[in-house]
Amino acid sequence: MELYGLKNCDTCRKAKKALDGAQVRYAFHDIREEPPTKMQVGHWAKAAGWEKLLNKSSTTWRNLDEAQKTGITEKKALALMAEHPTLIKRPVIETIIDKGPTQVFVGWSKDVQNEVLS
């Protein structure tokens, strides 16, 4: 399991604590120190939906120019997330469940917790 987020993000800390408590093995990647590639961002967006992946509540989003936030499309959102990884909603979790294809989860909702911790 791969967990992408920020080491100082409260939601990421909660996810890590829950995974540790459930003795789930994972590798943590701080997206400031190891920014995801455009290909990774595209994969996450395809799997989870770009609207879900784009964090419009972030400080980074609020600090963007109005021109950057206006008329947001998938292509524009992916470019912004690749350029500013802190625009990505956290955590992003990549996992393989039941030997199937890689699954991508965004955030740490009850639904995500149930899927990842089961």
Side-chain angles (χ1 to χ4, degrees):
M1 179 179 299
E2 305 293 321
L3 180 71
Y4 297 86
L6 297 172
K7 59 185 167 192
N8 60 346
C9 169
D10 288 338
T11 306
C12 294
R13 285 185 193 142
K14 288 177 190 174
K16 289 168 63 176
K17 184 176 180 179
L19 292 170
D20 290 342
Q23 298 181 337
V24 175
R25 291 188 344 201
Y26 63 91
F28 179 74
H29 305 276
D30 187 302
I31 59 174
R32 275 199 182 109
E33 296 171 8
E34 302 174 57
T37 65
K38 286 182 182 181
M39 185 179 282
Q40 276 180 299
V41 174
H43 169 71
W44 296 340
K46 184 177 180 180
W50 70 268
E51 294 97 339
K52 188 174 190 177
L53 192 62
L54 180 62
N55 186 358
K56 291 185 178 179
S57 300
S58 70
T59 303
T60 305
W61 177 262
R62 289 191 298 272
N63 289 334
L64 291 175
D65 296 336
E66 281 305 313
Q68 290 175 296
K69 296 189 279 188
T70 303
I72 197 82
T73 62
E74 180 176 5
K75 184 177 180 179
K76 191 173 178 181
L78 293 178
L80 283 170
M81 287 185 279
E83 183 180 348
H84 306 281
T86 54
L87 284 173
I88 298 169
K89 186 172 183 173
R90 302 169 299 270
V92 173
I93 302 166
E94 288 184 327
T95 188
I96 298 173
I97 297 178
D98 297 328
K99 299 181 182 178
T102 300
Q103 292 186 297
V104 176
F105 301 95
V106 177
W108 192 244
S109 66
K110 290 288 184 196
D111 290 340
V112 171
Q113 292 174 42
N114 290 338
E115 285 286 332
V116 172
L117 297 174
S118 62

Q: Could you pull out the closest heavy-atom pair between Arg90 and Cys9, with the gap in Å?
A: NE-SG, 3.8 Å
Q: Sub-3.5 Å donor-acceptor pair from the side chain of Arg62 to the main-chain atoms of Ser57, do we have one?
A: yes
Q: Which atom pair, heavy atoms only, marks the closest approach of Ala18 to Trp108?
A: CB-CZ2, 3.6 Å
Q: Filter on salt bridge (Lys or Arg N to Asp or Glu O under 4.0 Å), then keep only pairs touching residues 4-23, sequence neighbours left out; what's left?
A: Lys7-Glu33, Asp10-Arg13
Q: Apply side-chain contact (heavy atoms from CB on, under 4.5 Å) to residues Glu115 and Val112 and explain how you reach the verdict.
A: CA-CA 5 Å; Glu115 285 286 332; Val112 171; 5.8 Å; no
Q: Between atom OG1 of Thr102 and atom CD of Glu2, what is the distance when rounded to the nearest 0.5 Å?
A: 9.5 Å
Q: Rounded to the nearest 0.5 Å, what separation is found between the CD atom of Glu94 and the CG atom of Leu3?
A: 10.5 Å
Q: To the closest 0.5 Å, what do you measure between NZ (Lys89) and CD (Glu51)?
A: 12.5 Å
Q: Tracing side-chain links under 4.5 Å among I, L, V, M, F, W and Y, which residues wind up in one group with Leu78?
A: Tyr4, Leu6, Ile31, Val41, Trp44, Trp50, Leu53, Leu54, Trp61, Leu64, Ile72, Leu80, Met81, Leu87, Ile88, Val92, Val104, Val106
Q: Is any side-chain heavy atom of Phe105 less than 4.5 Å from a side-chain heavy atom of Asp111?
A: no
Q: Check whether Asp30 reaches the backbone of Arg32 with its side chain - one donor and one acceptor, N or O, closer than 3.5 Å.
A: yes
Q: CD of Gln113 to CD1 of Ile93: how many Å apart, nearest 0.5 Å?
A: 9.0 Å
Q: How far apart are the closest heavy atoms of Gly5 and Cys12, and which atoms are they?
A: CA-SG, 3.6 Å
Q: Check salt bridge (charged side-chain N to carboxylate O under 4.0 Å, His left out) between Lys52 and all other residues, then give those that pass, not counting sequence neighbours.
A: none
Q: Could you tell me whether the side chain of Ser58 reaches within less than 4.5 Å of the side chain of Thr86, counting heavy atoms only?
A: no
Q: Would His43 and Gln40 count as a side-chain contact (heavy atoms from CB on, under 4.5 Å) here? Give the steps.
A: CA-CA 5 Å; His43 169 71; Gln40 276 180 299; 5.6 Å; no
